[in-house]
Amino acid sequence: MQGNSNESNRLLKRLRALMEDDIAPQMRLDRLVQEIARNMDAEVCSLYILRSDGMLELYASEGLNPKAVHRSELRFGKGLVGSIAATARPLHLVNAQHHKAFSYLPETGEEIYTSFLGVPILRSGRTLGVLVLQNRNQRSYSDDEIELLETLVMVFSEIIASGNLPTFLRSNVEMSEQTPFSLEGNSLNVGISLGYVLLHEPRVAVTNIFNEGSELELLKLSEALDALWLSIDDMLMRRDVATDGEHREVLEAYRMFAHDKGWVKRLEEAIRNGLTAEAAVEKVQSDIRACMIQSIDPYMQERLSDFDDLANRLLLHLLGRHRDTLALTREQNSILVARSMGAVELLDYPREKIAGLVLEGGGATSHVVIVARAMDIPVIGKAKGAFSLLENGDFIIIDAEEGYIHLRPSLEVENAYRERIYFRDRRKKNYRDLRNIPTCTRDGVPITLLMNAGLLVDLPNLAESGAEGIGLFRTELHFMISATFPRAEEQEKLYRTIYKEIGDKSITFRTLDIGGDKIPPYFRDKSSEENPALGWRAIRLTLDRPALMRTQLRAILKASTGRELRIMLPMVTTIAEINQARDLVDRELAHLIRFGYDLPNQIKLGAMIEVPCLLFQLDELMQVVDFVSVGLNDLLQFMMATDRSSSRLIGRFDPLSPAVLRALCEIIYAGKRHNMPVTLCGEMVGSPLTAMALLGLGFRRLSMSSSSIGPVKSMILSLDVGKLGKEIQERLSSFQENGSMRSMLADFAFHNNVLL
Ligand code: PEP
Ligand code: MG
């Protein structure tokens, strides 16, 4: 069938009739796969259903060896079928045997089939199974045919969700429900939690799939869209959301997407192809997800969360239901599990009941992760398949220190984690008690501990952690969550609010570090660079777009009336860049003076040391700036030629190696020669052992994430930094091996009772 809409409608009708026939469940599945095989011109049509132990079981097949049905199984995420389930994307291969993930099940007799088309069976965004077509010859399916198959498999999603499966199999499923199961992911905010799964927005189940007439469904859609748009307007007008802050930006972007004409058109088309309005929403959302999920562009990933949320809200309107997250969050220790989630949606849940967050996607700069971090919620991201494998109410442990999710853990595992939590909580309380004690080493050297921030939601952590100020304010995060370029007045208002919130503590504003992995939505100049981290980003970009930089500088200058203003430039490579930036600051200053504005009482301009070539012009650098700050994340990435986000390379090269420590020493020496304050920032500084090494080298100002302040302070209070400094210098000059100084540092801590 070539996707002809009359024929498709006839086929849909036949399938619907089969669904209503009074026949045994297995026979129904067998007939459905036969019917699809015949109409889709396939020699094989096989249905795999995902069990809760993570296995995809062959449930019905036309064409494969019948003895393999209910005996063959494939692991979720493995092989062609497993990866379709994990990615929730169709896969079409004219020659499947050449694909790297190809592995065949000998008992099925499928080795003779060359071409392959598999589509996921989805429901409310969860994978329930996979339907596969195979042919001996190199059969190629058109986009229309693939689309048709995706519509047809909604029949199976209805059957699976209704639980109307062959009975002897359910006992199989129940048996497997006892088995412990672990999933891996990335830790995006550290912490450990035990609790009960709460699937984010999973229950907008669509039961009515094929329409009886398109006109009525189109009308329903149009009414639901009107209601959705109105409700978004209401949300924007709510007083608690309408005030300052990032949430408002996110909502504005969201409103724009709700009115996206392309989205509405696709929904209408799906209805004209025979679906009900609600099935159309689900179908279009699966398509959008399939296209966007593979994108590495963080902007696309954020937009995907917006579309997921919109689709869910639209479904609620279509089905006449309301979202009540408070009622959903019955358990005290709820662990939210989401395919994707927008930051606003996390704020919908009562904080006191949320013990953790598991995302199938997500990265360190995802909006929801940034907000979760500010709310101190442990987060695991990139947990492929979690949303499909976990059920509401499942007891799980999330270990967001190592990046594991344990489902149905054994008693021993559970007890071990409870013990870890007990000790960690005791330490947390101790850190809180340290907040008001001056940060000074055991041998009397004062240390300045600062925190990194980037959003208003981070600011309460300043008082909470006891940090002396904000050593790095990543101004680009606000730009990242805005739907449009933040206007001058809006920027000024934001910076004023920040000053007000931090009281008399200090803050260092970093000018826009966009480009690379941080591209704002409205910034369409995304010329695809092969190595964006080495490309047109940060100071390079803002100097080429002086209006952008001048607007930001003017806003910061105006907001810092009567305060000390510290401006820091990211990714500096040459001294000329600093001179150019200083010219821009001077021009803005002259403008403000001319128009009689009140000025900051001091202006300090600093540079980040992130590009290794600055290490060879430290004297020149320190003559043109007022302070420097080492950006250890990027400096290491470029010194070691190691992508900072590559999970494959984590742990391969140790930052505590003599080569790195010697380079950092040069910065300290230069700082001393020029009497220049040197700060060091970057997430790695938050590890007490790394912080100890840096203090041993001579750093006295460290900026890190707020949750690391307590552990690092506790280390500092117990450290004799003079003694450590001598030992490090001795070892550094005589170090023969190529490896790391980590064990020497750990030995020092152990023998000198340093609390790590
Ligand atoms: C760094 O590179 O170390 C740094 C602090 O900046 P960012 O992590 O924002 O790139
Ligand atoms: Mg950096």
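Any value given below was found using the heavy atoms of this structure, including those in side chains, with hydrogens, waters and symmetry copies removed. Indexing begins at 1, ligand by ligand and atom by atom, following the structure's order. This chain uses plain numbering: 1 for the first residue, then up along the sequence.
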Applying ring-ring contact (aromatic ring centres under 6.0 Å, His included), run through Tyr495 and Phe473 and close with a yes or a no.
CA-CA 11 Å; Tyr495 302 134; Phe473 191 88; 7.3 Å; no

Working note: Lys604 + Phe627, criterion side-chain contact (heavy atoms from CB on, under 4.5 Å); need CA distance, chi angles, decisive distance, verdict.
CA-CA 7 Å; Lys604 293 197 169 147; Phe627 64 92; 4.0 Å; yes

Please step through side chain to side chain donor-acceptor pair (under 3.5 Å) for the pair Arg427 and Tyr431, ending with a clear verdict.
CA-CA 6 Å; Arg427 287 179 78 181; Tyr431 299 146; 3.1 Å; yes

Given the rule in the side-chain contact (heavy atoms from CB on, under 4.5 Å) test, do Leu450 and Leu702 qualify, once you have shown the distances and angles that lead to the verdict?
CA-CA 6 Å; Leu450 304 159; Leu702 304 178; over 6 Å; no

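Neither side chain, Thr511 nor Gln552, offers a donor N or O lying under 3.5 Å from an acceptor on the other. For the residue pair Asp583/Gln580, the side-chain donor-acceptor check at 3.5 Å is not satisfied. Side-chain atoms of Arg701 and Ser629 form no donor-acceptor pair, as typed in the model, at a separation below 3.5 Å.
Close contacts between ligand 1 and Leu632 involve ligand atoms 3 (O) [criterion: under 4.0 Å to a heavy atom]. Ligand-side atoms of ligand 1 in range of Glu610: 1 (C), 2 (O), 4 (C), 6 (O), range being under 4.0 angstrom from any heavy atom. Applying the 4.0 Å criterion to heavy atoms of Cys681 picks out, from ligand 1, the atoms 3 (O), 5 (C). The distance from ligand 1 to the heavy atoms of Asp634 drops below 4.0 Å at these ligand atoms: 1 (C), 2 (O), 3 (O), 10 (O).
Among all non-hydrogen protein atoms, the one lying nearest atom 10 (O) of ligand 1 is Arg644 NH1, 2.9 Å.
Proximity of Lys382 to Leu188: side-chain heavy atoms (C-beta onward) are nowhere separated by under 4.5 Å.
At a 4.0 Å heavy-atom cut-off, ligand 1 touches Leu472 through the side chain alone. Looking at Glu683 against ligand 1, nothing comes within 4.0 Å, counting heavy atoms.
When you scan the N, O or S atoms of Asp634 for the one nearest the Mg ion (ligand 2), you land on OD2. Atom OE2 is the N/O/S atom of Glu610 found closest to the Mg ion (ligand 2).
Note on Asp513: not counted as a metal contact of the Mg ion (ligand 2), no N/O/S atom lying under 2.8 Å.
Residue contacts with ligand 1: Arg510 is included, with a non-hydrogen atom under 4.0 Å away.
For ligand 1, the polar-atom distance check finds an N/O of Asn633 within less than 3.5 Å of one of the ligand's N/O atoms.
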